[in-house]
Structures are given as C-alpha cells and as structure tokens.
Amino acid sequence: MSTNSYTTRRDFLKGSAAATGALVIGFTLPMTSRFAQAAAAATPGAGFAPNAFLRIAASGQVTVICGLSEMGQGVHMGIASLVAEELDADWKSVQLEQAPVDKAYNNPLFGMQATGGSTAIRGHYEPMRKAGAAAREMLVAAAATQWGVGADRCRTQDGRVMGPDGKSAGYGELVAAASKLPVPQNPTLKDPGDFRILGKGLTRIDTPSKVNGSAGFGIDVKVPGLLTAVMVHAPVPGAKIVSVDDAAAKAIPGVKQVVQIPQGVAVLADGYWTALKGRDALVVKWDDGPLGSLSSEGISKLLIDATTKPGAVARNEGDVSVAVAKTIEAVYEAPYLAHACMEPMNCTAWVRAGEAEVWAPTQGPGPHQGIVAQLTGLPPEKVQVHTTYLGGGFGRRFAPDFIIASTLISKAAGAPVKLVYTREDDMRGWYYRPASVTRFTAGLDKDGNPVSLTARVASPALSIAAGFATELPKGIDEAAVEGIGDMLYAFPNLRVEYARVEPGIPPWFWRSVGHSQNVYFIEAFIDEVAAAAGKDPVEFRRSLLSKQPRLRGVLDLAAQKVGWGSPLPQGVHRGVAITTCFGSFVAQVAEVAMGANGKPRVQRIVAAVDCGRTVNPDVIHRQVEGAIAYGLSAAMYEKITFKNGRVEQSNFNDYPMLRIDEMPKVEVHIVPSTEAPGGIGEPGLPAATPAVINAIFAATGKRVRTLPI
Amino acid sequence: MISLSLNGKTVQLSATPDTPLLWALRDELGYTGTKFGCGIAACGSCTVHVDGKPTRACVTTIEAVAGKQVTTIEAMDSNHIGQALQAAWIRNDVPQCGYCQSGQIMSAAALLARNPKPNDADIDEAMRRNLCRCGTYNRIRAAIKDAAATLSA
C-alpha cells in the first residue's frame with residue numbers, strides 16, 4: 001500500500017490513456033473528459049457514484065480516490081479503509097489517490113468539496129462502504145458467470161473471489177468482465193461483526209512517505225519555469241498601497257519581476273531566498289485605513305462591555321429571574337489565536353491562456369476552484385486544482401487568501417508562480433480564532449442545588465466572516481455560542497444570549513471552532529458553581545446529566561480510569577471537564593502540579609471518548625492526543641495581540657508553542673459503541689484546557705479566567 | 001561555486017554564498033525533504049546534519065558549510081540509525097501531517113549517534129527545539145526508545 005503524490009497522479013493520467021483496456025471498473029479518467037465523466041456518474045437522484053471512488057487494475061492494484069484533504073487527521077487512511085473493507089481487498093494492494101475537483105467528491109455534509117468540521121467519517125462512512133461493496137458484487141457476478149455458478153456460491157477474501165470446487169480468481173483477472181456489468185445501486189453491506197479492517201488499528205498509508213522526505217506538500221511543488229514569490233502583505237487589515245519603490249529590489253541579481261496586486265506587492269525570483277531578499281528591499285508605503293488604531297485593549301473592552309447588556313436570545317428555558325439563595329458570577333475571556341500550521345501558507349498557480357492550474361495545500365479545493373475561476377474569468381472546468389498534502393490545516397487552509405494572491409500574481413506575471421508566506425507573513429495573516437468574552441451568572445438554592453444559569457457571549461460572527469450568511473438568523477451566530485448554547489446540562493432555568501461584536505479582525509475557523517473557547521468558559525464556570533455548592537466536580541456534573549447517557553458515560557469512564565478521588569502524590573491535583581461536539585462525547589481529567597515559577601506542569605491527561613463506531617482506533621488515539629496538545633499549547637502560551645492595527649507577534653520566538661518536554665502523558669479510552677460514527681479531528685480539544693484550569697483551582701484555589709494561563 | 005558533500009556525493013552550488021543551506025537544498029538541488037518552518041532556527045523543521053551535528057539549515061549559509069559533509073532526510077535509509085528510526089516511526093505510526101517529521105528524525109538520529117540509550121531527560125534535551133503542531137510528541141518519544149532498543153538488540 002502506498003499513497004500517491006500529486007505528481008504520481010499526473011503520471012497515472014498519462015499512463016491510463018496509453019493503456020486503455022487494461023484498466024477496468026469504469027472511471028479511467030481520460031485527461032480530456034474526466035470532469036464530464038465524473039459529473040455524469042453523480043447525476044441527481046442516483047445518490048451514489050461508486051466508480052468515482054475506486055479503480056482496480058488488471059494487476060489487482062486497488063486505487064481508492066479521495067476528495068478529502070489529508071492534513072494529518074488520517075483521512076486518507078479512513079477513506080481507504082472504508083472502501084477496502086467492503087471490497088474485501090487485499091490491504092497490501094490498496095493505494096490512495098487524491099481526487100481532482102468534481103462534485104462527485106463533494107463532502108455530503110457541506111455540499112462542496114472541502115475538509116473540516118470533523119465531517120470526513122461522519123459524511124463518508126456509508127457512501128464509501130457502498131462504493132467498495134458495489135465493486136465487490138460486480139467482481140463476484142463476473143466470477144460466477146465465468147464459472148457458471150450462482151453468485152451465492154462465491155465468497156471474497158483478500159482481493160480474490162472463491163467459488164465451489166476450489167475455483168478462485170484474483171480481482172485483477174476479473175476486472176475486464178466486471179466492468180461490463182451494471183453497477184448495483186444498493187449493494188449489501190457487511191455486518192460490522194465481520195469487519196477485518198474497520199475498528200482495527202492498521203498503520204496509516206501515508207506514514208512511509210512521511211518518514212523519508214518524499215511526501216509531497218504544497219511547498220514542494222515543482223513545475224517547469226516555476227518562479228517563487230514572496231510578498232509584502234498589508235500591515236493592517238484593509239490597508240491600501242500609497243506608493244511602491246522597487247528599484248532596490250529589481251537591482252538584486254536573480255529578481256525577475258515585481259508584481260503589485262490589491263493584497264500587496266510580490267517579488268518573483270528563481271528561488272525563495274532571492275525573492276525574500278527582493279521583498280525585503282521593497283519600500284512600500286501604506287495608508288493604514290480605519291483599523292490603524294486598533295488595539296487588543298480596545299477589543300477586550302468592547303467585548304466585556306457588550307456582556308453587560310442583554311443580547312440576542314440563543315436559548316431560553318424556564319425563567320432565570322427566579323429567586324435563588326446564592327449567586328455566582330464570573331467573566332471569562334479568550335484571546336485571538338493563530339493556527340501556526342508547520343507548513344507556512346503557500347500556493348502554486350499557473351494561469352495560462354484559456355486555462356489555469358493550481359497546486360495547493362487546501363482544505364477547500366472546491367470553493368477555491370470557484371475563486372480561481374472568478375479571478376481569471378475562466379469557467380470552473382478550465383481550472384484544475386491539485387490538492388497536495390497539507391502540513392497542518394486546523395481550519396486555516398479553508399481560507400482563500402493564499403489562493404487569491406498566487407492566482408493574481410501568476411496572471412500578472414504570465415508565469416507559474418509559487419507564492420510562499422514567510423513565517424512572519426503566516427503569523428500576521430489575519431485569519432484567527434476570534435477573541436471572545438462570556439459573562440456567567442448561576443443561582444443555587446439553599447441546599448446547593450443548581451437553579452439557574454445565564455450566559456452572555458460576546459464575539460465576532462464567523463458565519464458572516466466566512467460568507468455563509470449575510471445576516472444572522474434571530475441575531476445568533478452559531479459558531480459564537482456553540483458549546484454553551486447547546487450545553488447538555490439540565491439547568492431548570494437557562495438563558496444564553498449573544499452580542500455580536502466586530503472589532504475589525506474577521507474571525508476564522510480554528511480547530512474545534514467556537515467550542516475551543518466556549519467549552520473552556522462553561523466547564524471552568526461549572527467547576528466554580530460546583531465549588532460554591534460544596535459539591536464534588538464529577539458528582540455535580542453527573543447530577544446535571546441524568547438524561548445524557550453518552551456524555552455521562554464518558555464522564556464516568558474517565559473518572560474511573562483516572563481513579564477520581566484516589567490519593568495523588570504530594571502537590572499533584574486533578575481537574576475534570578467534558579464536551580459534546582461534532583457528534584462525539586469526550587471527558588478529560590488532567591493531573592497538574594504547580595511549578596516553582598507559578599506555571600502549571602500538566603503531568604497526565606486521561607480522556608474517555610465516545611465517537612460511535614470506530615474506523616481506526618489508533619487514529620482516534622492520535623487525534624485525541626494531538627488535539628489535547630493543540631489545546632494545551634494555546635492554554636499555556638498562545639495569544640495574538642494588536643497594537644496600532646498591527647499584529648505584535650511574528651514567529652515562534654514570540655508566539656511560543658508546546659514542546660516535547662511539556663507534553664503530558666495521555667491516555668485515551670474509547671467507549672465501545674454501535675452508534676453512528678462521530679467526528680474525531682476536533683472533539684479531543686475543547687475539554688483539555690478547562691480540565692487543566694480546574695486542576696489549577698484544586699491546586700491553588702485560584703480561577704484562571706483569561707488565557708493564556 | 002561552492003562545493004560540499006551532500007549525502008556522500010560532491011555537489012556544486014551556484015547560489016550566492018549567503019544563501020541558507022535550506023534553500024540551496026530545496027530550490028537548487030531539489031532535495032525537498034528538508035522543510036521550511038520559521039527561517040530563524042526556532043522550529044527545527046529544517047534540521048540536517050553537518051559533519052554529523054544537527055544543524056538548522058535555514059540559518060546556515062552555504063558558505064559556512066563549504067567543503068563539509070551535509071546529510072539530509074533523503075539519506076536516512078542508508079545508515080543503520082536512520083533505518084532503525086524510520087522503521088520505529090512507521091511501527092509507532094508517528095506522523096500526522098508529517099511536515100516536521102524530517103527534522104524530528106534528523107534530530108533523533110543525531111541523538112542516537114552520540115547516546116545509544118537516551119532516557120526521557122536526554123530525549124527532552126535533544127528534541128525540545130523541534131516543534132510539532134500535530135502533537136506527536138509522545139509517539140516521537142516512544143519511537144526513539146523503540147529504535148534505540150532495536151539498535152542495541
């Protein structure tokens with residue numbers, strides 16, 4: 001098994017055209033008509049186009065074609081596993097190919113070809129299994145016909161069909177006959193008890209290429225005549241160029257062109273180093289525009305002020321003005337955060353006469369194709385998007401800025417151009433998890449029982465920034481309140497309000513989106529309420545979750561596995577937090593010791609996860625572990641701040657991130673489940689921070705209500 | 001022209017002497033396994049070996065490595081430590097996005113070359129300047145120990 005890079009895909013396309021007839025089960029993707037062919041396969045109402053996802057060669061090689069972007073979450077492995085399971089493929093003969101843009105590869109949960117929102121397995125669990133099962137039935141039918149026996153007398157295993165009297169044929173031998181048969185529309189799926197791949201822990205198919213330097217990321221793309229571009233970007237969002245002096249830049253040997261676009265000024269050279277020297281020699285004057293006086297202090301004040309007034313009502317149950325014996329109030333605040341993907345933002349674009357080609361580490365090849373088409377005036381089918389491996393995504397690579405800039409530069413330069421952001425450009429790229437403030441008020445009766453909870457959330461509106469909406473339904477931005485507005489705690493009286501505050505820095509998707517801050521807020525505050533009630537944090541949560549068996553189940557499992565209540569070494573303290581998001585349920589207990597410097601040392605996190613049926617438990621473990629690291633890194637260190645409209649951070653020296661010597665031990669326990677699969681790329685993140693914050697309270701009696709710690 | 005030994009072969013570079021080794025490798029020689037992460041020696045993605053020592057290629061000029069032996073991730077399958085690490089990385093399914101892993105393996109190889117049985121503190125010290133945004137740190141630690149065990153077996 002192996003994973004093809006974008007270059008291998010191009011080679012294949014040439015190869016398949018030359019070897020017509022050798023390849024079977026439809027979908028040989030001839031260079032000229034592949035868009036039309038794949039589109040035809042996905043006619044409305046058919047609901048299922050198996051041929052777009054699978055190809056079997058006469059050699060028996062199985063190629064699974066995946067339209068989702070591999071950014072580390074293991075989606076290539078997941079999709080290949082789903083197809084291979086139902087196909088009964090020989091796993092060693094399975095390889096993965098990245099799909100072109102085509103509506104056949106639209107994410108069923110998005111209606112466009114994009115990866116994010118922990119949707120891959122949720123959206124493709126059944127369609128990909130059906131794709132494999134349909135092919136399997138066709139291969140069986142071909143063998144049965146060949147042998148003159150009933151299909152019911154044949155079975156499949158490891159890429160072979162076995163019939164009566166020791167008859168046996170490899171899939172490769174059957175593809176010619178199978179490809180002439182009709183594609184079954186409702187193939188029979190396996191009983192999960194018969195799974196050989198799903199739910200097991202096979203090694204990821206992209207791993208070998210990622211340990212020897214051969215994996216092809218966007219930044220590694222090579223095309224003939226390629227120029228590298230490095231840009232001067234706007235220092236303030238919305239700033240306009242006043243003047244450009246490029247004389248010094250053009251005087252540098254090796255600088256080929258200087259190109260001005262609305263987003264900035266690019267210097268083009270044969271390689272990055274010369275382009276960077278040229279960029280640094282540019283003198284660009286900007287008019288900062290209205291955001292030139294923006295500061296983090298000002299943004300913080302706007303957000304906090306907004307929570308002192310009533311907002312739009314996101315949820316209202318009972319009456320929160322009911323009398324209570326004790327009131328607890330707290331204001332929580334979270335900062336802007338960068339994604340800081342290890343691979344700096346980059347895109348290679350080649351705008352030619354009548355067509356364009358883009359090679360990009362993108363989470364949104366579908367919408368990005370549309371953007372390139374708009375910018376070039378080309379019909380979308382004349383724009384090819386090659387999705388490379390992504391050196392991290394976390395939501396950042398769904399943004400179009402790098403696609404737009406590289407397309408405009410290539411168009412102006414008349415050459416293939418790889419635009420590379422410096423790390424500083426990347427850090428100051430104006431796509432951030434937004435700052436947010438929530439003001440909570442809770443009421444207890446005289447026995448310490450929870451009576452009421454009010455939450456006022458103030459934050460920018462992501463649905464508008466992302467272009468999903470032009471106005472907010474009932475004044476509510478879903479991403480701004482998720483994690484609080486949809487909480488499963490059964491407060492008899494509950495009210496959640498939202499105030500939209502737009503300081504000028506547009507919000508963007510960041511791993512686990514609104515949950516990333518809101519679960520910190522609610523889970524830290526619930527701990528405050530539990531303490532005020534004199535209740536144990538686990539027991540207090542349990543008492544509010546009597547009708548939530550899955551969420552209470554993970555809470556109980558995490559508490560049991562960590563030994564909640566059992567003695568700890570001197571100076572070590574525990575904190576708990578839970579979350580429900582992206583269709584999954586997670587509880588985490590953190591064990592924390594306070595260092596001499598007043599900083600917490602997170603020693604261990606025990607996580608319990610209910611994500612329904614599992615595709616690959618090892619991938620689940622790693623995603624939860626990685627999400628915890630991403631969340632802890634933000635909690636401990638990360639903050640993007642603004643002064644005079646400019647981002648104050650620039651690189652990893654002043655935007656520190658979690659390192660190996662600070663990584664806690666992580667245990668992940670998966671709840672066995674027959675429920676539909678939930679997401680797993682993001683659900684491991686939100687509870688990590690509040691679990692640590694609550695452990696810090698246990699250690700010090702102090703509440704951490706702003707981040708980083 | 002600057003001459004150096006790359007993965008055991010002599011190569012000539014036409015880039016200006018102030019060019020960082022990272023960009024000479026990537027743009028002039030086509031060795032793209034070594035990654036650009038920060039440009040200021042703050043993330044370790046560009047780690048190569050210069051005369052056996054782990055070195056940040058993004059801040060090391062080609063002039064500074066003229067005549068020296070440079071080893072990159074592309075040659076890690078040709079020595080026993082590199083082979084052991086790559087096998088352990090696969091057994092432990094370490095990479096997620098994979099972008100930082102070339103640098104991680106190069107730092108780990110330098111560690112095992114001077115310390116065949118590193119303990120946790122040794123691993124922390126050798127690896128703490130290599131960032132991983134996917135949070136594969138615990139797998140990296142396990143894989144280094146795994147590789148060390150296979151090398152001493």
Side-chain angles (χ1 to χ4, degrees), chain A residues 70-74 201 203-204 206-217 219-220 222 228 253-254 270-274 276 339-344 389-394 420 422-424 618-619 622-623 625-630 633 651-653 657-661 663 665-666, chain B residues 15-16 18-20 22-24 26-28 30-40 42-43 45 72-74 76-77 82 85-91 93-102 104-105 120-121 123-125 127-141:
Chain A
E70 177 57 69
M71 48 189 166
Q73 81 281 42
T203 302
R204 281 171 56 156
D206 50 339
T207 297
S209 73
K210 289 179 174 177
V211 303
N212 64 16
S214 67
F217 295 89
I219 205 166
D220 304 326
K222 278 276 181 204
T228 301
D270 278 333
Y272 175 88
W273 182 245
T274 306
L276 178 68
H339 305 76
C341 305
M342 290 308 298
E343 180 188 15
Y389 277 132
L390 284 60
F394 315 117
V420 179
T422 65
R423 173 55 61 189
E424 291 80 6
D618 278 2
V619 170
R622 282 153 180 74
Q623 282 308 294
E625 213 168 286
I628 287 171
Y630 204 82
S633 184
N651 203 318
F652 297 133
N653 56 338
M657 309 196 312
L658 194 81
R659 294 170 184 273
I660 192 169
D661 55 343
M663 180 73 191
K665 290 195 172 71
V666 176
Chain B
T16 54
D18 66 339
T19 302
L22 170 66
W23 297 109
R26 292 183 55 84
D27 287 345
E28 185 169 351
Y31 280 66
T32 54
T34 305
K35 297 298 192 233
F36 167 50
C38 68
I40 60 166
C43 76
S45 297
T72 68
I73 186 69
E74 284 88 355
M76 277 298 101
D77 59 359
L85 283 167
Q86 288 178 331
W89 244 246
I90 292 171
R91 264 197 307 279
D93 229 353
V94 174
Q96 289 186 24
C97 89
Y99 193 79
C100 74
Q101 298 295 342
S102 295
Q104 303 280 1
I105 289 172
D120 283 332
I123 292 172
D124 282 348
E125 177 49 34
M127 304 301 294
R128 71 177 306 280
R129 283 166 291 276
N130 285 80
L131 294 176
C132 170
R133 194 60 167 153
C134 300
T136 65
Y137 295 131
N138 291 345
R139 308 287 160 174
I140 288 171
R141 186 185 302 280

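Order of the sequence lines fixes the chain letters, A, B, ..., with proteins taken first and strands second; residue numbering starts at 1 for each chain.
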Between B:Thr32, B:Asp93, B:Thr72, which has the largest tally of heavy atom pairs under 4.5 Å with chain A? B:Asp93
A:Val666 versus chain B, the contacting section by heavy-atom distance below 4.5 Å: both
Salt bridge check: are B:Asp124 and B:Arg141 linked by an N-O gap of less than 4.0 Å? yes
Is it the side chain or the backbone of A:Met71 that comes within 4.5 Å of chain B heavy atoms, both, or neither? backbone
Is a side-chain donor or acceptor of B:Tyr137 paired with a backbone partner of A:Leu658 at a separation under 3.5 angstrom? yes
Which residues pass the ring pair (Phe, Tyr, Trp, His ring centres under 6.0 Å) test with B:Tyr99, sequence neighbours left out? A:Phe217
If we define contacts as heavy-atom pairs under 4.5 Å, which of B:Asp27, B:Asn138, B:Ile90 has the most with chain A? B:Asn138
Would you say that B:Asp77 contacts A:Asn212 through its side chain, given a criterion of any heavy-atom pair below 4.5 Å between the two side chains? no
Are A:His339 and A:Tyr630 packed together at the side-chain level, in the sense that at least one heavy-atom pair is separated by less than 4.5 angstrom? yes
Report yes if some heavy atom in the side chain of A:Met342 is under 4.5 Å from a heavy atom in the side chain of B:Cys134; otherwise report no. no
Okay, B:Met76 and chain A: the region with an atom under 4.5 Å from a heavy atom over there is neither
B:Asp18 versus chain A, the contacting section by heavy-atom distance below 4.5 Å: both
Determine, stepwise, if the pair A:Asp220 / B:Lys35 fulfils salt bridge (charged side-chain N to carboxylate O under 4.0 Å, His left out). CA-CA 9 Å; A:Asp220 304 326; B:Lys35 297 298 192 233; 2.7 Å; yes
Report the option among A:Ile660, A:Asp270, A:Thr274 that has the most heavy-atom pairs separated by less than 4.5 Å from atoms of chain B. A:Ile660
Residue from B:Cys43, B:Pro20, B:Gly82 scoring the most non-hydrogen pairs under 4.5 Å with chain A is B:Pro20
Would you say the side chain of B:Thr136 lies within less than 4.5 Å of the side chain of B:Gln101, judging by non-hydrogen atoms? yes
Please flag which part of A:Asp618 lies under 4.5 Å from any non-hydrogen atom of chain B: side chain, backbone, both or neither. neither
Considering only heavy atoms and a distance below 4.5 Å, find which of A:Pro344, A:Ala629, A:Gly271 pairs most often with chain B. A:Pro344
Contact part of B:Leu85 toward chain A, heavy-atom cut-off under 4.5 Å: side chain, backbone, both or neither? neither
Closest-packed option against chain B by number of heavy-atom pairs under 4.5 Å, given A:Gln623, A:Glu424, A:Gln73, A:Glu70: A:Gln623
Quick check for you: among A:Arg622, A:Met657, A:Arg423, which has the greatest number of heavy-atom pairs under 4.5 Å with chain B? A:Arg622
So, A:Asp206 and A:Arg204, do they make that salt bridge, N to O below 4.0 Å? yes
Output the option from B:Pro95, B:Gly39, B:Cys100 having the highest count of non-hydrogen pairs under 4.5 Å with chain A. B:Pro95
What residues, two or more places apart in sequence or in another chain, satisfy ring pair (Phe, Tyr, Trp, His ring centres under 6.0 Å) together with A:Tyr272? B:Trp23, B:Phe36
Contact class of B:Arg91 relative to chain A, heavy atoms under 4.5 angstrom: neither
Contacting region of A:Leu390 [heavy-atom separation from chain B under 4.5 Å]: backbone
